[in-house]
There are 2 protein chains.
Amino acid sequence: MAEAYATLSRKEQVIRQAAELFKEKGYSASSMRDLAQKLGIEAASLYSHIKSKEEILRTLCFDMAAEFRASLAEVESQPVSASEKLRLGIIGHVKVMSKDLTAAAVFMNEHRHLSQPYLREFLLLRINYINRFKQFIEDGIASGDFKKNIDTKLAVMTLFSSLNWLPLWFSPESTIEPENLGTQLADMLINGLKQNA
Amino acid sequence: MAEAYATLSRKEQVIRQAAELFKEKGYSASSMRDLAQKLGIEAASLYSHIKSKEEILRTLCFDMAAEFRASLAEVESQPVSASEKLRLGIIGHVKVMSKDLTAAAVFMNEHRHLSQPYLREFLLLRINYINRFKQFIEDGIASGDFKKNIDTKLAVMTLFSSLNWLPLWFSPESTIEPENLGTQLADMLINGLKQNA
DNA sequence: TTCTTCCACTAACAGTTGTTAGTTTTGTTC
DNA sequence: GAACAAAACTAACAACTGTTAGTGGAAGAA
């Protein structure tokens, strides 16, 4: 099973296997001995590659965060309407998650086990990211693209709830491509299920 | 702090405090000594009231599940259109969660720590619940209420993602009432954000 | 008073946790 | 073959885990 990661450095292999373990059992319920077993080594041997269990979690969480930020920055730089930016932002978010669904699942579900000050830093990054999506929605309301009476906080939290659960149920064997998936998701959230009269 | 629950039996107090702890730190990261401390007693004393740590989780998860099922059954019995059933189902789901946001958070986030055969039973209940919502969407498409080209699996998972994250960010101090919240959420998912031309 | 129910206590268990120190094996490069 | 770095090993640590056994006190009913 480790052969699939043969080209990765040993440290990267450790982190990848840890991501799978954390996703499956949760960070706290995953022991270093579990992780070692997945790699076919002793628990103590892990410390030749990583400093601590939490360092793995930090790497996973902050690497994902950086990818999300880069994706959003690119969208913001484009000369399109707010509603189109929202659409592109959603597609970008889905694309980033699709590149590593396992890490994405850990990112969203296990970040709370970070200790301070990393947890605080992580949450600040996240609130910033969310607020920039919220801005798209507010701009879209101001321009008349979106309905006037929308509760923007509710809207943006609903949006992220949908996006963030995706890694938990979406299987990579699915035939649907990330781009297509993102497009459908964006359409659903922006246009709704209802047939336009 | 335990005074707020003064009218509850001691066992109910234990379960309530456990729910808060599990929500905050997660099931695995919560120790029985943590829980005992919240109640001002020793860890061993907890076992006068409960059989095991997992029994608490089971109680929380299956009690919530029963409430969700009851809510859905009522909706299904009503003589209304599929799209209206979907709307009422969403509102009902939000109402049930709002009655106990803490238990709802544990229900959605920590159920995976149930051991067999309880986990299997829980997942069966959940898939059944989800499929009944999926049926609303399929019926809505068949009747022409909803768009023809909807991916129903994607739609229903998006729906539940939105609903299930609610307990994590929605604060009970909010002025918005459950009924209103449910209505807004249903409107957003069914009609979308976009202004109808 | 005595009996019973509830609820707490102390003491201890066997197993698991993340991590360390120091050592040895393995594979590559000179 | 010597030297070197990478990566594994054994042994052990202190702390923490859920849980059991047995005990005692307090409140209400008989």
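Chain letters run A, B, ... following the sequence lines, proteins first, then strands; residues in each count from 1. All of these numbers come straight from a predicted model, not from anything done at the bench.
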Chi angles and distances behind the side-chain hydrogen bond (donor to acceptor under 3.5 Å, both in side chains) call for B:D139, B:Q135
CA-CA 6 Å; B:D139 291 351; B:Q135 192 62 54; 3.0 Å; yes
Sorted by chain and number, sequence neighbours left out, side chain to side chain contact (heavy atoms under 4.5 Å, CB included) with A:E67 holds for A:V96, A:K99
Note: contacts of residues 25-35 of chain A with DNA chain D (heavy atom, under 4.0 Å) are A:R33
Residue pairs meeting ring pair (Phe, Tyr, Trp, His ring centres under 6.0 Å), one or both in residues 169-188 of chain A, sequence neighbours left out, come to none
| said: Please determine whether a side-chain nitrogen of the Lys or Arg among A:E55 and A:R58 lies less than 4.0 Å from a carboxylate oxygen of the Asp or Glu. | reply: no
Here the ring pair (Phe, Tyr, Trp, His ring centres under 6.0 Å) pairs for residues 8-35 of chain B, sequence neighbours left out, are B:F22-B:Y27, B:Y27-B:H113
| message | Closer than 4.0 angstrom, basic N to acidic O: yes or no for B:E20 and B:K23? | response | no
| query | Would you call A:N164 and A:H93 a side-chain contact if the rule is heavy atoms closer than 4.5 Å? | reply | yes
*Using a 4.5 Å cut-off on heavy atoms from C-beta on, say whether the side chain of A:D63 contacts that of A:F107.*
no
Contacted region of DNA chain D by chain A, from 5' end to 3' end of the hits, cut-off under 4.0 Å to heavy atoms, spans D:dA7 to D:dA12
Numerically ordered, the residues 40-48 of chain B set in heavy-atom contact under 4.0 Å with DNA chain C is B:I41, B:E42, B:A44, B:S45, B:S48
B:Y129 and B:F68 aromatic ring geometry - parallel, tilted or perpendicular at 30°/60° bounds
tilted
- Message: Between B:R16 and B:Q13, is there a side-chain donor-acceptor contact under 3.5 Å, judged purely by atom types and distance?
- Response: no
